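Below you'll find the structure, written out as structure tokens, and then a few comments.
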Amino acid sequence: MAEGWTASSLAEQHMRGRRYSRLDDFRVEHILLGGTQDLDGGTAVTGLPRWRQQVQYAVGHTLNDYYSLQPEVRRETPVQFLMERRWPPKGTAFSSLLHYWDVKTRVADELMRIASVNHLEDIPIKLYEQWHVPVPELSLELAMIFQLAWGSKAEGRCLNIQKFMVSSHEDVVTAFLHMSNVFCHYAYGEPAERIEIYSLLDGRRHLFDGTCVSLAESVDYVRLLAVFLKKNESPELAVRFGNRKNERTELASGGSMLM
């Protein structure tokens with residue numbers, strides 16, 4: 001299985017005269033979530049409320065702490081114990097003390113539920129690492145940060161990818177699906193085995209087979225995303241594939257189909 005393109009390999013590519021613009025998944029996500037982007041400074045400001053940003057930060061670090069442990073150590077380490085070290089303090093970000101405890105309880109319960117069944121004997125091959133790969137036909141470099149990615153045992157498939165959000169957002173879910181599909185094909189020459197996106201506050205899991213969308217469709221989507229980000233348009237004008245006939249299943253307790 002080939003590794004993703006590294007910074008050094010991209011530097012060599014640039015030295016040969018190919019210079020690609022860069023499409024970062026986190027910048028796409030910030031814009032789709034209602035943020036604004038400073039194109040000169042290269043920074044993005046999310047439109048999410050501050051409490052949700054703080055919770056997302058805590059969740060990310062908790063998962064990184066937990067899955068950095070060896071499987072036998074994880075089995076003896078409650079994930080909520082690690083979450084306590086990362087959870088934001090009570091403050092003005094939350095609307096009330098009741099809101100603070102409600103969010104904390106629901107997120108902790110969902111993390112405990114997921115950790116109790118999630119790849120108990122495995123070690124992730126990507127854990128909060130940024131990976132990037134050139135997409136020559138789009139003249140861009142696609143950069144993605146994978147929260148959790150596991151090796152696939154299925155022939156002709158490369159990864160099991162997992163993303164964790166405080167709450168789901170239609171455009172972000174769709175964009176992540178297509179960007180992951182493009183990344184896997186260009187980095188590994190194979191689709192993902194599956195892509196899972198967890199929504200912690202409502203306890204939902206959006207599960208996609210890695211072949212549920214074609215590479216051509218995903219390349220077109222990423223092309224439009226790049227134009228969308230470059231123009232820094234408002235989130236209401238975000239690219240949508242509302243009429244897609246993807247075979248997608250959401251596994252959730254009492255949940256319905258997403259989108």
Side-chain angles (χ1 to χ4, degrees), residues 1-33 35 37-46 56-57 60-61 63-64 67-68 124-152 157-165 171-197 208 210 213-232 239:
M1 183 183 296
E3 287 292 344
W5 285 68
T6 62
S8 60
S9 61
L10 283 170
E12 292 172 3
Q13 167 190 278
H14 291 177
M15 291 176 63
R16 292 197 298 269
R18 297 181 186 175
R19 293 190 175 274
Y20 293 151
S21 60
R22 182 162 175 159
L23 182 65
D24 290 285
D25 62 334
F26 68 87
R27 295 174 72 188
V28 170
E29 183 169 333
H30 283 188
I31 297 299
L32 293 178
L33 288 172
Q37 184 180 21
D38 175 5
L39 294 179
D40 294 327
T43 59
V45 181
T46 181
Q56 186 68 60
Y57 180 86
H61 279 280
L63 290 168
N64 184 62
Y67 286 101
S68 294
I125 62 174
K126 300 184 192 299
L127 179 60
Y128 282 87
E129 299 174 73
Q130 186 177 67
W131 292 72
H132 34 87
V133 63
V135 185
E137 63 190 274
L138 299 182
S139 297
L140 63 80
E141 172 195 345
L142 178 60
M144 299 194 70
I145 298 173
F146 290 107
Q147 292 174 312
L148 278 172
W150 311 85
S152 172
R157 302 294 185 94
C158 62
L159 296 173
N160 292 318
I161 297 170
Q162 294 180 319
K163 179 178 178 65
F164 298 82
M165 302 177 66
D171 292 325
V172 172
V173 170
T174 303
F176 185 78
L177 171 64
H178 284 289
M179 288 189 291
S180 297
N181 192 34
V182 170
F183 177 90
C184 287
H185 277 89
Y186 280 85
Y188 295 98
E190 299 172 342
E193 182 177 349
R194 64 178 179 268
I195 299 168
E196 301 171 75
I197 302 174
F208 305 93
V213 289
S214 68
L215 176 59
E217 183 178 353
S218 292
V219 167
D220 286 342
Y221 190 97
V222 171
R223 178 185 290 111
L224 292 174
L225 271 182
V227 172
F228 164 67
L229 191 63
K230 185 176 181 180
K231 291 183 176 179
N232 197 27
V239 180

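Keep in mind that the numbers below use all heavy atoms, side chains included, and drop hydrogens, waters and symmetry copies. These numbers come from a predicted model, not from an experiment. Quick note: residue numbers are just sequence positions, from 1.
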- Query: Yes or no on side-chain contact (heavy atoms from CB on, under 4.5 Å) for Val213 and Leu177, after CA distance, side-chain angles and deciding distance?
  - Reply: CA-CA 9 Å; Val213 289; Leu177 171 64; 4.3 Å; yes
- Query: How would you list, by chain and number, every residue that makes a side-chain hydrogen bond (donor to acceptor under 3.5 Å, both in side chains) with Glu196, sequence neighbours excluded?
  - Reply: Gln162, Arg194, Tyr198, Arg205
How close do [X] and [Y] get, counting heavy atoms only, and between which atoms?
{"X": "Leu140", "Y": "Ala226", "answer": "CD2-CB, 3.8 Å"}
{"X": "Tyr20", "Y": "Pro134", "answer": "CE1-CB, 3.5 Å"}
{"X": "Leu159", "Y": "Tyr188", "answer": "CD1-CE1, 3.8 Å"}
{"X": "Leu215", "Y": "Val182", "answer": "CD1-CA, 4.2 Å"}

Would you give the length of the straight line joining atom [atom1] of [X] to atom [atom2] of [Y], rounded to the nearest 0.5 angstrom?
{"X": "Gln147", "Y": "Lys163", "atom1": "CD", "atom2": "NZ", "value": "5.0 Å"}
{"X": "Met144", "Y": "Ile161", "atom1": "CE", "atom2": "CD1", "value": "6.5 Å"}
{"X": "Ile31", "Y": "Leu225", "atom1": "CD1", "atom2": "CG", "value": "11.5 Å"}
{"X": "Lys126", "Y": "Leu148", "atom1": "NZ", "atom2": "CG", "value": "12.0 Å"}
{"X": "Arg22", "Y": "Arg27", "atom1": "CZ", "atom2": "CZ", "value": "9.0 Å"}
{"X": "Ser214", "Y": "Asp220", "atom1": "OG", "atom2": "CG", "value": "8.0 Å"}

- Item | Heavy-atom donor-acceptor pair, Glu193 side chain to Ser152 backbone, under 3.5 Å | no
- Okay, side chain of Asp25, backbone of Phe176: is any donor-acceptor separation there less than 3.5 Å? no
Heavy-atom side-chain contact between [X] and [Y] under 4.5 Å:
{"X": "Val222", "Y": "Asn181", "answer": "no"}
{"X": "Arg223", "Y": "Val135", "answer": "no"}
{"X": "Glu190", "Y": "Cys184", "answer": "no"}
{"X": "Phe26", "Y": "Ile145", "answer": "yes"}

- Query: Only one of Phe208, Tyr221, Phe183 clears ring-ring contact (aromatic ring centres under 6.0 Å, His included) with His178; which?
  - Reply: Tyr221
- Message: Test side-chain contact (heavy atoms from CB on, under 4.5 Å) on Val219 and Tyr186; report intermediate values, then the result.
- Response: CA-CA 10 Å; Val219 167; Tyr186 280 85; 4.2 Å; yes
- Message: Among residues at least two apart in sequence or on other chains, which ones pass ring pair (Phe, Tyr, Trp, His ring centres under 6.0 Å) with Tyr57?
- Response: His61
